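See below for the structure under consideration.
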2 protein chains.
Amino acid sequence: MKPKVTIEDIARLAGVSKATVSRVLNERSNVKAETRERVLRIMQEQGFVPSLAAAGLAGGRSRLVGVLTPPFTQPTVPEILRGVAEAIEHTDYEIVLYSTNAGQSPTTIVNRILALGLTSCLLVIQPGPLTPRLLQLASQGLPVVVIDDQGPPPELPSVGIDNRVSAYQATMHLIRLGYRRIAHLQGPAEFRCAQERYQGYRQALDDAGLPFDPALVFNGTFETASGRACAVALATLPLTERPEAIFIANDQMAFGFLSAAEALGLRIPQDLAVVGFDDIPLSAHVRPTLTTIKQPFYEMGRNAVELLLSLLHGPATQPVAGAEGGYQPPIRIQLPTRLVIRESCGALTLHRRQEQEHSLSDE
Amino acid sequence: MKPKVTIEDIARLAGVSKATVSRVLNERSNVKAETRERVLRIMQEQGFVPSLAAAGLAGGRSRLVGVLTPPFTQPTVPEILRGVAEAIEHTDYEIVLYSTNAGQSPTTIVNRILALGLTSCLLVIQPGPLTPRLLQLASQGLPVVVIDDQGPPPELPSVGIDNRVSAYQATMHLIRLGYRRIAHLQGPAEFRCAQERYQGYRQALDDAGLPFDPALVFNGTFETASGRACAVALATLPLTERPEAIFIANDQMAFGFLSAAEALGLRIPQDLAVVGFDDIPLSAHVRPTLTTIKQPFYEMGRNAVELLLSLLHGPATQPVAGAEGGYQPPIRIQLPTRLVIRESCGALTLHRRQEQEHSLSDE
DNA sequence: GCATAATATGAAACCGCTTTCATGTCAAGG
DNA sequence: CCTTGACATGAAAGCGGTTTCATATTATGC
């Protein structure tokens with residue numbers, strides 16, 4: 001291996017001290033233009049790239065962003081990560097990836113990450129509740145940005161969507177299509193987003209003056225299997241009690257629902273309209289294709305990085321633990337979602353739609 | 001932020017020197033058992049975790065594995081990465097992720113990675129040819145493992161599959177189903193795997209005594225669009241010249257083919273049987289579901305990490321540049337693939353199959 | 001023309017750990 | 001009882017940067 005070019009080499013070649021080279025490196029203002037030029041040229045010539053490790057050690061802060069992710073096979077993750085990676089690319093930071101692959105305790109992982117001292121900030125992609133440890137660290141000044149879920153009061157700077165409004169739109173879409181008995185398959189209660197989506201659903205019913213029937217709300221786990229279970233449960237309902245449509249809290253469950261429905265001879269959307277939530281890649285390919293709320297995962301990744309870096313550079317990085325005065329809630333970036341209309345909601349089968357507009361006007 | 005516990009703190013608390021603590025840390029043998037115990041206990045109590053950054057700096061080698069990947073949205077990547085992440089988790093290494101998101105030159109990226117001095121080894125997920133720079137570095141002793149593609153003679157230690165044999169199986173499967181005119185949509189020539197798959201296809205035809213018709217080989221780019229283009233090209237062929245089946249060099253193109261075929265009124269598998277290659281998640285969900293060769297991506301990731309670490313620890317890590325004597329080709333781990341039979345090849349529609357065997361005998 | 005401030009640069013300490021080299025200790029060997 | 005090692009440990013020198021503090025240089029004001 002060729003010996004690495006160090007700051008010392010550059011200093012010698014440029015006839016200056018290491019300190020000056022370091023200043024050039026960090027774009028400090030107090031270096032004579034001429035000197036800077038020379039140093040930069042030499043660095044260029046020598047192909048010098050400063051060691052992140054050394055810089056981190058010496059400077060006390062590092063140029064590494066720790067990214068904590070669920071397994072990549074969770075279908076929303078790759079897009080988010082793509083956004084993260086792309087945003088990082090435009091900076092001089094790098095990504096250290098901590099995948100919570102196995103079922104380790106998140107707290108353990110977080111501890112390990114930080115103790116390693118590599119990264120000085122953290123990007124957490126975590127659907128579901130945050131660990132107390134993370135909150136504690138953040139309150140101690142660790143820059144953290146969370147993608148996706150958020151505890152009741154926003155606890156950490158985060159990037160996400162408005163689940164309530166999005167769910168409202170999804171449900172309202174079904175209502176506008178003329179469906180009146182609309183079921184909901186919700187996510188697990190510990191997920192904040194599951195609750196919010198449920199609320200959006202309720203609100204839409206209310207606003208449309210539709211009665212709410214608790215029997216039409218099913219509990220899911222956000223996993224495919226619970227979608228299947230829900231379809232089975234629906235199919236066993238007496239015909240008169242069957243809903244005409246269902247808003248399913250994520251696409252993963254919707255897939256399970258779709259496949260079970262097919263097996264049960266339930267035609268989608270003719271017998272039952274379905275709207276999902278997420279718009280992951282598969283959603284455009286299942287049969288029938290899934291009408292769903294598109295989450296801007298890529299943008300979420302990008303925005304999260306930007307937010308994190310602004311936190312890092314920004315002034316207010318030091319919310320002293322326990323400090324009371326001047327509390328301001330953590331920044332939350334809320335990105336817009338979009339309803340993607342495909343086959344499963346029945347909107348594309350026009351004659352059907354017209355029928356429904358009739359029945360709507362009856363109201 | 002709480003002040004980090006350093007090796008010095010531990011040393012003081014244990015009443016030993018930093019050097020001794022370091023020895024314990026690195027599991028050197030020459031520490032009295034009693035001392036080791038004490039130090040370990042104190043480290044435990046203090047929740048001490050050594051700084052990777054400092055260790056890397058001081059030791060000249062680091063515990064960071066650089067992983068160079070294509071964008072995560074390339075569908076084969078997440079599974080590989082999952083394998084990588086899981087394998088890493090069992091070690092005390094961490095992953096630094098370099099995603100070649102934008103269209104930057106790979107050489108630039110590689111240079112940057114190494115110059116950063118963070119990582120002392122590299123895992124390259126790169127379909128397609130390797131950059132000369134990478135080869136050069138590897139020959140200088142940088143431990144590198146490549147996943148997937150491989151230049152004509154294996155140039156670097158790598159993990160992958162036997163593309164030739166797998167393609168052979170795919171094609172042979174079609175042949176066994178009774179198809180005789182079998183087309184091939186191949187990947188771009190600069191991809192080694194594309195060539196090998198083509199060879200496997202040829203070989204299968206030969207072995208089955210089927211004539212090879214160059215007009216039935218189409219050039220693709222491994223992207224969806226070229227699958228569509230191929231379907232269009234096929235559809236314009238006079239009926240008599242149309243193939244009965246096609247082996248498509250990757251699933252991505254197969255999807256394009258499938259969707260275009262549908263639009264063109266070409267029924268799969270009745271009018272044309274299709275076999276793909278990769279078995280990415282979508283493959284089980286497109287309509288018709290895709291018969292394909294399953295690549296063990298997850299295992300590839302795991303094996304690559306293991307290979308890389310063994311290279312790192314192993315003795316022969318120093319192939320001095322230019323050294324001639326005792327050359328041994330780089331290790332290649334070849335993982336088995338599997339033919340996954342789904343709808344698109346027609347094997348599942350039995351009656352239909354019989355029909356075809358009839359029409360076959362007519363020829 | 002000289003005091004004073006602003007600007008540019010260098011010397012050296014330091015970040016947390018590894019490693020070399022020196023030192024100290026103790027058991028075996030003569 | 002005194003070597004001779006083997007073993008255990010400590011002191012100190014880095015690793016490649018950053019940062020503080022001091023110093024040298026130049027610009028500014030009166």
Side-chain angles (χ1 to χ4, degrees), chain A residues 1-40 42-43 46-64 92 94 114-120, chain B residues 1-40 42-43 46-64 92 94 114-120:
Chain A
M1 307 264 340
K2 70 155 186 279
K4 195 177 168 9
V5 183
T6 76
I7 199 178
E8 187 129 25
D9 302 326
I10 302 298
R12 186 161 21 76
L13 262 43
V16 297
S17 70
K18 296 194 315 182
T20 301
V21 177
S22 174
R23 287 185 188 106
V24 172
L25 232 36
N26 294 284
E27 297 175 331
R28 298 257 185 289
S29 54
N30 48 354
V31 178
K32 210 201 303 186
E34 183 193 337
T35 312
R36 185 200 324 284
E37 292 304 316
R38 182 156 32 96
V39 171
L40 283 175
I42 306 248
M43 295 200 306
Q46 300 296 317
F48 170 75
V49 181
S51 152
L52 271 195
L57 223 206
R61 59 206 165 321
S62 95
R63 295 244 152 126
L64 261 33
D92 42 4
E94 302 293 344
L114 293 177
L116 285 173
L118 273 177
T119 57
S120 50
Chain B
M1 309 263 340
K2 70 155 187 278
K4 193 177 168 12
V5 183
T6 76
I7 200 179
E8 186 129 24
D9 302 325
I10 302 297
R12 188 161 20 76
L13 261 42
V16 296
S17 71
K18 296 192 314 181
T20 301
V21 178
S22 174
R23 287 184 188 110
V24 171
L25 233 36
N26 294 284
E27 296 173 335
R28 297 256 185 290
S29 54
N30 49 353
V31 179
K32 211 199 305 184
E34 184 193 338
T35 311
R36 185 201 324 284
E37 292 304 315
R38 183 156 33 95
V39 171
L40 283 174
I42 307 244
M43 294 200 308
Q46 301 294 318
F48 169 77
V49 180
S51 153
L52 271 194
L57 225 205
R61 61 207 165 318
S62 97
R63 296 244 152 123
L64 262 34
D92 42 2
E94 303 293 344
L114 293 177
L116 284 172
L118 273 178
T119 57
S120 50

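Computed from a predicted structure; not experimentally measured. Because only heavy atoms are used, hydrogens play no part in the values below, and waters and symmetry mates are left out as well, while side chains stay in. Every chain is numbered from 1, with letters handed out A, B, ... down the list of sequences.
Each of C:dG16, D:dG17, D:dG10 was ranked by its minimum atom distance to the side chain of B:Ala54; first place goes to C:dG16. When each of C:dG16, C:dC21, C:dA12 is scored by its nearest atom to the side-chain atoms of B:Arg23, the top-ranked nucleotide is C:dC21.
Between B:Asn26 atom CG and C:dT19 atom P there is a gap of 6 Å when expressed in whole angstrom units. Put simply, CD on A:Glu27 is 15 Å from C1' on D:dT18, counting in whole angstrom units. Protein atom CD of B:Gln46 is 15 Å distant from nucleotide atom P of C:dG16, rounded to whole Å. Across the protein-nucleic acid pair, A:Leu57 atom CG and D:dT19 atom C1' stand 14 Å apart, rounded to whole Å. Distance A:Glu8 CD to C:dA11 P: 11 Å, rounded to the nearest Å. Distance CZ (A:Arg63) to P (D:dG16): 19 Å, rounded to an integer number of Å. One can place CE of B:Met43 at 14 Å from C1' of C:dG16, the figure rounded to the nearest angstrom. Between the CD1 atom of B:Ile10 and the P atom of C:dG16 there is a distance of 13 Å, rounded to whole Å.
If one axis is set at each end of the helix from C:dG1-D:dC30 to C:dG30-D:dC1 from five pairs, those axes are 50° apart, to 10°.
Looking at residues two or more places apart in sequence or on another chain, you find no side-chain hydrogen bond (donor to acceptor under 3.5 Å, both in side chains) involving A:Arg36. In this structure, the side chain to side chain contact (heavy atoms under 4.5 Å, CB included) partners of B:Leu57, at least two apart in sequence or on a different chain, are A:Ala54, A:Leu57. By the side-chain hydrogen bond (donor to acceptor under 3.5 Å, both in side chains) test, B:Arg23 is found to be paired with no residue, residues two or more places apart in sequence or in another chain being considered. Annotation: salt bridge (Lys or Arg N to Asp or Glu O under 4.0 Å) contacts of B:Arg38 (sequence neighbours excluded): none.
Residues of residues 11-18 of chain A that place a heavy atom closer than 4.0 Å to DNA chain C, in numerical order, are A:Gly15, A:Val16, A:Ser17. A heavy atom lying under 4.0 Å from DNA chain C marks the following residues of residues 28-39 of chain B, by number: B:Arg28.
Residue A:Thr20 places at least one side-chain N or O under 4.0 Å from the OP1 or OP2 atom of C:dG10. Note on B:Ser51: every side-chain N or O is 4.0 Å or more away from OP1 and OP2 of C:dG16.
When side chains are defined from C-beta on, B:Met43 counts as touching B:Leu25, because their heavy atoms get closer than 4.5 Å.
Atom CD of A:Glu94 and atom CG of B:Leu64 lie 10.5 Å apart (nearest 0.5 Å).
Note on B:Ala55: only backbone sugar-phosphate atoms sit closer than 4.0 angstrom, heavy atoms only; bases stay farther off. If you check every strand for non-hydrogen atoms under 4.0 Å, B:Ser22 touches a base.
Within 6.0 Å of CD in B:Glu8 there are 12 or fewer heavy atoms belonging to other residues, nucleotides or ligands.
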Validation: residues 9-22 of chain A side-chain donor-acceptor distances under 3.5 Å, sequence neighbours left out:
{"from": "A:Asp9", "atom 1": "OD1", "to": "A:Arg12", "atom 2": "NH2", "distance (Å)": "2.8"}
{"from": "A:Asp9", "atom 1": "OD2", "to": "A:Thr6", "atom 2": "N", "distance (Å)": "2.8"}
{"from": "A:Ser17", "atom 1": "OG", "to": "A:Ala19", "atom 2": "N", "distance (Å)": "3.4"}
{"from": "A:Ser17", "atom 1": "OG", "to": "A:Thr20", "atom 2": "N", "distance (Å)": "3.4"}
{"from": "A:Ser17", "atom 1": "OG", "to": "A:Thr20", "atom 2": "OG1", "distance (Å)": "3.4"}
{"from": "A:Ser22", "atom 1": "OG", "to": "A:Asn26", "atom 2": "ND2", "distance (Å)": "3.4"}

